[in-house]
Amino acid sequence: MNFSRTLAVESGYDIIIVGGGPSGCAAAIAAARQGAKTLLLESTSTLGGLGTSGLVPAWCPFSDHEKIVYRSIAEEIFNASKAGTKHVNPADLNWVPIDPEHLKRVYDDKVTEAGAEIRFMSSLCAVEMAADNTVDALIVSSKLGLTALKAKVYIDASGDADLCHWAGAPTLKGDDTGDLQPATLCFILSNVDNAAYRHTLTNQFLRERNAVERFPLLTDMHFCNNLTGPGTVGFNSGHVWDVDNTDPRSVTKGIIQGRKVAVEFLNALRELKPDAFANAFLAATAPMLGVRETRRIIGDYVLTLDDYQARRSFDDEIGRNSYPVDVHGARKHIKDFQSGKYHSPMDFYGRYGKGESHGIPYRCLIPQKLDNVLTAGRCISTDRLVQGSTRVMPVCLVMGEAAGLAASLAARSNATTRDVDVTNLRAIVKQNGAYIM
């Protein structure tokens, strides 16, 4: 069906960012602090993505086991988050629990205090292109109806590369067959006995008394959890299979299934670990499904497993990363999970030693065929295995800051994103306290 209509147009922005997860928030903070007129669009009512709406219970490591790697705005957000978890040692850097309600306010305050405008409940639904390789406008759906929004530079922090894909930039999705990593619907159990929880709970409980056979929705050994408050444990546990976050029908099925998995965990824990969970109840399931991968752009450089294993540095790197290759196995690996024969890519491709990391080139943020768009977050230009390393929140914060700074430089000089002076960009990144070689 072809149809046309006249839309209200809002222009005058230097930068518009699609997606208010960690990378989008960091981009908005960085750009606004540089004086750019910045708009941050978020389809939900909450900033922070998986750390807030996704109920991910802990930050992935911020250190290389020697020093903090994810600095500047990332470290600022991390420290502010820790201030809301009084049971956490302020010096802790790895697997630090998250209070999602506190973190929501951290993001709200940091973005607004920087001077960026936030617009909640606003979803990208189309991209209008100019005659050259530039985006002319974003078509956004909200309670205002459809609105066209214009800026000099756009940042795709959607996680799914929606802006880039709809603008015609090349993208990849999943492995060579199109299979995607499983998703997880995180959840919170409350009224847990703190002492018993601290001393008894590991993922080995899933091997007790044929738990997997008796609780069939607990298909594998994915079982991450953290004490997020008094008597309250957040779970990033279990898998939901065959979910494609670019298809709302698939996501709907995944969320419904995820809620069933959460109850299955509760019932299993009540029975198998009664000292800790006999009186526990399901306090919340996440309103956002924990999606590990969908589309990723093909950029001016594709970061590869060889780069990861070589601990490679780059002349245009805008940050560094020390997180392992964390690719969750496909449905076909379930029997290997259950038998203990499955080998995690984290171990197979090698974990970094103390002080080791690799660089992330600025070119990985630049999508092919687009001249006024940058990406940040899990959809940057990498091969599939490295995406399993660069997809987590600390790395996303670092990439988001660099994208926001680069976009502000491009907007200020009316340059393309490829023409940004990378030497100047890196100088600002370093001045802000980031860690690069």
Side-chain angles (χ1 to χ4, degrees), residues 13 15-32 36 38-54 56 73-74 77 103-104 107-108 110-112 114 116-127 135 138-142 147 149 151 153-167 169 171 173 245-246 248 251 286-297 299 364-367 370 372-381 387 390-407 417:
Y13 292 105
I15 300 163
I16 296 177
I17 302 161
V18 177
S23 61
C25 288
I29 294 166
T38 304
L39 174 63
L40 177 59
L41 300 173
E42 168 53 39
S43 61
T44 73
S45 60
T46 304
L47 297 180
L50 291 181
T52 53
S53 294
V56 168
I73 289 173
I77 296 291
L103 186 55
K104 289 177 186 178
Y107 280 118
D108 287 344
K110 294 292 183 182
V111 173
T112 56
E117 177 188 346
I118 302 168
R119 197 170 298 185
F120 287 137
M121 311 305 290
S122 298
S123 299
L124 178 70
C125 57
V127 178
V135 171
L138 305 182
I139 309 303
V140 174
S141 172
S142 72
T147 305
L149 300 173
V153 182
Y154 303 88
I155 298 175
D156 187 339
S158 66
D160 300 316
D162 289 337
L163 194 166
C164 294
H165 180 70
W166 293 341
T171 60
K173 186 165 66 171
N245 203 51
T246 66
V251 174
M288 175 186 288
L289 191 63
V291 173
R292 295 181 172 90
E293 69 169 333
T294 51
R295 304 186 195 101
R296 58 191 189 276
I297 67 163
C364 290
L365 311 186
I366 305 174
L370 297 176
N372 66 338
V373 177
L374 292 169
T375 60
R378 71 168 188 256
C379 60
I380 68 161
S381 180
Q387 192 271 350
T390 57
R391 64 179 174 80
V392 298
M393 293 189 293
V395 198
C396 289
L397 285 164
V398 167
M399 293 186 287
E401 177 174 2
L405 292 172
T417 52

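Residue numbers count from 1 along this sequence.
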For the residue pair [X] and [Y], establish whether any side-chain heavy-atom pair is separated by less than 4.5 Å.
X: Lys110; Y: Ile73; answer: no
X: Thr147; Y: Ile139; answer: no
X: Val127; Y: His165; answer: no
X: Ile17; Y: Thr38; answer: yes
X: Ile77; Y: Leu103; answer: yes
X: Val18; Y: Asp162; answer: no

Arg295 side chain vs Lys173 backbone, donor-acceptor pair below 3.5 Å: no
Exam field: side chain Thr375 to backbone Leu365, donor-acceptor pair closer than 3.5 Å: yes
Minimum heavy-atom separation for [X] to [Y], with atom names?
X: Leu370; Y: Cys164; answer: CD1-CA, 4.1 Å
X: Leu124; Y: Leu138; answer: CD1-CB, 3.7 Å
X: Asp108; Y: Ile118; answer: O-CD1, 4.4 Å
X: Met399; Y: Thr390; answer: CE-O, 3.5 Å
X: Ala32; Y: Ala114; answer: CB-O, 3.4 Å
X: Ala403; Y: Leu374; answer: O-CD1, 3.6 Å

Distance in Å, [X] [atom1] paired with [Y] [atom2], rounded so as to fall on 0.5 Å steps:
X: Leu163; Y: Ile297; atom1: CG; atom2: CD1; result: 11.0 Å
X: Ile380; Y: Cys396; atom1: CD1; atom2: SG; result: 8.0 Å
X: Phe120; Y: Thr44; atom1: CZ; atom2: OG1; result: 7.0 Å
X: Asp160; Y: Arg296; atom1: CG; atom2: CZ; result: 13.0 Å
X: Arg119; Y: Leu40; atom1: CZ; atom2: CG; result: 11.0 Å
X: Ile366; Y: Thr417; atom1: CD1; atom2: OG1; result: 5.0 Å

Glu42: salt bridge (Lys or Arg N to Asp or Glu O under 4.0 Å) partners, not counting sequence neighbours: none
For Arg292, salt bridge (Lys or Arg N to Asp or Glu O under 4.0 Å) partners two or more places apart: none
Side-chain donor-acceptor pair present, Ser158, Asp156, cut-off under 3.5 Å: yes
Chi angles and distances behind the side-chain contact (heavy atoms from CB on, under 4.5 Å) call for Arg378, Thr294: CA-CA 9 Å; Arg378 71 168 188 256; Thr294 51; 3.9 Å; yes
From Ser123, Ser43, Ser122, Cys125, residue fulfilling side chain to side chain contact (heavy atoms under 4.5 Å, CB included) relative to Val140: Ser122
Tabulate below the donor-acceptor pairs under 3.5 Å that side-chain atoms of residues 45-54 make, not counting sequence neighbours, or state none.
from, atom 1, to, atom 2, distance (Å)
Thr52, OG1, Leu47, O, 2.7
Thr52, OG1, Gly49, N, 3.4
Thr52, OG1, Gly49, O, 3.2

